[in-house]
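This report concerns only the one structure given below.
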Amino acid sequence: MPDTNPSTYDLGNGLRKGGLYDSIFFGCYSETNTFDIRCRFDLRHKLNRARLQKAANAALKNYPEFAVRPVVYNGKLCYEKNTKPILLCDDDNTMRHFGSDGENGTNGYLFLFLCGEKHFTFSMYHAQTDAYGMISYVIAVLWNYAKSLFPPIRFIRTSFFDPYGVRLTDHAFRAMDEQERYDAVEKFAADGKLYDPYEGKEFFPLPPEEHDKEDMSCRLVNLIISNTDFLKKTLELHTSYGPLLAALAAESIHDLYDIEDKAIAVVLTSDSRRFFRSKTLSNMAYNTPLTLSKSDIEMPMESICKKLRTQMLNQLKKSHIRETLKGIVQVAADVAALGDIDGVGKFLAGPEGLKQQNERTTIFLTYPGMIETNPLSKLLIKSVTPGMLAMDRAINVYCHGDDLVIQYSLKSDDLTLPNALKKTLSKYGFDPVMYDMGRVTQNKLSFDHIKKITDK
């Protein structure tokens, strides 16, 4: 039942308190290390911007937690109600400042749409939500857009939206109490039993990239293989997507570097919502490290996948997740203890701050799932391309139709890693096609552009 107690998040004057997980992103991934998550949709027809604008604004009515701008209120992260239209602008590689106004702002929102003649890219600051929340909102926008172009589809059953938590009404939002809406990590954190895939192992870090630290862009390289072939391989090896993707990534890194007695840690992200039956769109993703030593990687692929699947399943348990969420709450407390959030962001973006951000990660690998063949795909979408523009190298995997897109995001122009992964994919019978997408400019969060409010 919805909480009927007085609000602990409403600060008055259109302000509400920010969530704990949000403060981690604002503290650790602002300034030069912005976490800009994206998805590009290539359309079958010319983009009608006016209709997309109406569709985006209409969808936002059912996503009130996104209809905000970030503000620094008495040194703390807060949100202020935002009633401006969502920004649609040219996809021209101009850097935008999330949460700000002005010529290169975003109308105050933490997201925007970058538009071309026959495509748009949805760009969002990760503090707003995770991949689940991002997909939920974008599908709602696409549904509204499709209805404006093809009115008869409004009579199609919308059950295919269910796995993505798409809101066509605000019922799901209103059914939650405030803590679940805005701070679900704190709500569900509790004592549990942590499974440690690093036990007895030291992780292998990739050599540092050589790149201009002031260059706010990433090099994106797509490797596209058949999703049908990949699914067949998982069945052949008695495994699932996550372990096989991690195994292939780890082997490609192992073939490049002497990892000695260390372990390669491929860190997947998992969604904890299903363990609590929650419809929240606050960040609920957590890291799921899968680790392999040199001797592990030399095993047959089926044995490697079995080992990784065991590690993954041990981290997909409610007890482990509760303890993991408790750790996230502690990180938020550590960030808060450093002082005002804007000062924290600038410190952690600097060289001394980066030393404190040891993720115990060789490479991040995000696999949020696939957009299945449905009326939206048939009518609107030609292809879908992921994007994860972060502070370091990462792999982002997405599927649309029979295309499994495995994307490397790099800060440098060194294509050694994607070339190695292409070689590994070929070794296991896939036929990867490589597309160098060039450099893409990140949008970023900078406290110099964020509204500040101080009580006198």
Side-chain angles (χ1 to χ4, degrees), residues 36-69 81-92 96 98 105-125 128-174 279 281 368 370-387 398 400 443:
D36 177 2
I37 57 175
R38 299 185 173 198
C39 199
R40 172 178 168 133
F41 295 84
D42 285 283
L43 305 175
R44 298 182 184 277
H45 309 94
K46 185 177 180 180
L47 176 65
N48 186 316
R49 286 204 196 185
R51 293 189 176 186
L52 182 62
Q53 179 78 70
K54 290 181 180 179
N57 291 341
L60 193 62
K61 294 178 182 178
N62 298 323
Y63 293 80
E65 62 270 63
F66 293 174
V68 295
R69 69 168 65 243
K81 186 176 180 180
N82 192 354
T83 58
K84 288 190 173 183
I86 293 166
L87 183 66
L88 275 64
C89 62
D90 290 342
D91 190 0
D92 58 5
R96 299 274 170 175
F98 288 122
T106 58
N107 284 352
Y109 293 103
L110 289 171
F111 60 90
L112 72 159
F113 291 83
L114 307 169
C115 301
E117 184 178 4
K118 292 184 68 175
H119 83 272
F120 71 83
T121 296
F122 184 70
S123 168
M124 173 176 274
Y125 184 42
Q128 181 83 89
T129 187
D130 50 29
Y132 177 92
M134 175 186 182
I135 293 168
S136 171
Y137 173 68
V138 172
I139 294 179
V141 173
L142 286 169
W143 176 246
N144 288 341
Y145 181 67
K147 286 192 299 181
S148 73
L149 295 177
F150 311 102
I153 73 166
R154 68 182 64 244
F155 300 110
I156 295 175
R157 293 179 63 185
T158 57
S159 57
F160 64 85
F161 290 152
D162 293 343
Y164 306 107
V166 177
R167 297 180 186 168
L168 302 183
T169 70
D170 67 350
H171 294 164
F173 176 83
R174 291 190 290 107
K279 300 297 184 181
L281 298 184
M370 68 180 294
I371 298 290
E372 298 177 5
T373 301
N374 56 54
L376 291 183
S377 295
K378 293 176 181 178
L379 289 172
L380 297 178
I381 304 170
K382 183 178 180 181
S383 64
V384 180
T385 303
Y398 212 93
H400 179 259
N443 297 314

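Please read these numbers as outputs of a predicted model, since none were measured by experiment.
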Go through the structure and list residues passing side chain to side chain donor-acceptor pair (under 3.5 Å) with [X], not counting sequence neighbours.
X      : result
Thr83  : none
Lys147 : none
Asp36  : Arg38, Ser123
Asn48  : none

From [X] [atom1] over to [Y] [atom2], what is the distance, rounded to the nearest 0.5 angstrom?
X      : Y      : atom1 : atom2 : value
Ile37  : Met134 : CD1   : CE    : 5.0 Å
Ile139 : Thr158 : CD1   : OG1   : 11.5 Å
Met124 : Phe98  : CE    : CZ    : 8.5 Å

Holding to side chain to side chain contact (heavy atoms under 4.5 Å, CB included), I want the full list of residues that pass it with [X], two or more places apart in sequence or in another chain.
X     : value
Leu87 : Cys89, Arg96, Asn107, Leu112
Ala67 : Leu60
His45 : Phe150

Exercise: identify the closest heavy-atom pair between [X] and [Y]:
X      : Y      : answer
Ser136 : Gly165 : OG-O, 3.0 Å
Gly116 : Asp91  : N-CB, 4.5 Å
Trp143 : Arg154 : CZ2-CA, 4.2 Å
Thr121 : His119 : OG1-CD2, 4.0 Å
Leu380 : Leu142 : CD1-O, 3.7 Å
Arg44  : Leu379 : CD-O, 3.9 Å

Quiz prompt | Sub-4.5 Å side-chain heavy-atom contact between Phe41 and Val138 | solution =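 Sidechains of Val138 and Phe41: in contact.
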Self-check item: Side chain proximity check, Ile135 to Tyr398, heavy atoms < 4.5 angstrom
Solution: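 Yes. Closest side-chain heavy atoms under 4.5 Å.
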Tell me which donor-acceptor pairs under 3.5 Å the side chains of residues 49-57 have, and how far apart each pair is, sequence neighbours excluded?
unit_1	atom_1	unit_2	atom_2	d
Arg49	NH1	Asp90	OD1	3.1
Arg49	NH2	Asp90	OD1	2.4
Arg51	NH1	Ser148	O	2.8
Gln53	NE2	Asn57	OD1	3.4
Gln53	NE2	Ile86	O	2.7
Asn57	OD1	Ile86	N	3.1
Asn57	ND2	Gln53	O	3.4

Quiz prompt | By salt bridge (charged side-chain N to carboxylate O under 4.0 Å, His left out) - contacts of Lys118 (at least two apart) | solution =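 Result, salt bridge (charged side-chain N to carboxylate O under 4.0 Å, His left out) vs Lys118: none returned.
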Quiz item: What residues, two or more places apart in sequence or in another chain, satisfy salt bridge (charged side-chain N to carboxylate O under 4.0 Å, His left out) together with Asp42?
Solution: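 Partners of Asp42 under the salt bridge (charged side-chain N to carboxylate O under 4.0 Å, His left out) test: Arg40.
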Practice problem: Using modelled atom types only, decide if a donor and an acceptor are shared between the side chain of Asp170 and the backbone of Asn62 within a distance under 3.5 Å. | Solution: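 The answer is no, because no donor-acceptor pair under 3.5 Å joins these two groups.
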Quiz item: Backbone N or O of Gly133 within a donor-acceptor pair of the Tyr63 side chain at under 3.5 Å?
Solution: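 No.
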Quiz item: Looking at residues at least two apart in the chain, or sitting in another chain, which of them share a ring pair (Phe, Tyr, Trp, His ring centres under 6.0 Å) with Phe122?
Solution: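 Only Phe111, Phe113, Tyr137 meet the ring pair (Phe, Tyr, Trp, His ring centres under 6.0 Å) criterion with Phe122.
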Exercise. Not counting sequence neighbours, which residues clear ring pair (Phe, Tyr, Trp, His ring centres under 6.0 Å) with Tyr132? List them please.
Key: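 With sequence neighbours excluded, Tyr132 shows a ring pair (Phe, Tyr, Trp, His ring centres under 6.0 Å) to no residue whatsoever.
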Practice problem: Report the C-alpha distance between Leu47 and Tyr145 in whole Å, list the side-chain angles of each, state the deciding distance to 0.1 Å, and finish with yes or no for side-chain contact (heavy atoms from CB on, under 4.5 Å). | Solution: CA-CA 10 Å; Leu47 176 65; Tyr145 181 67; 3.7 Å; yes
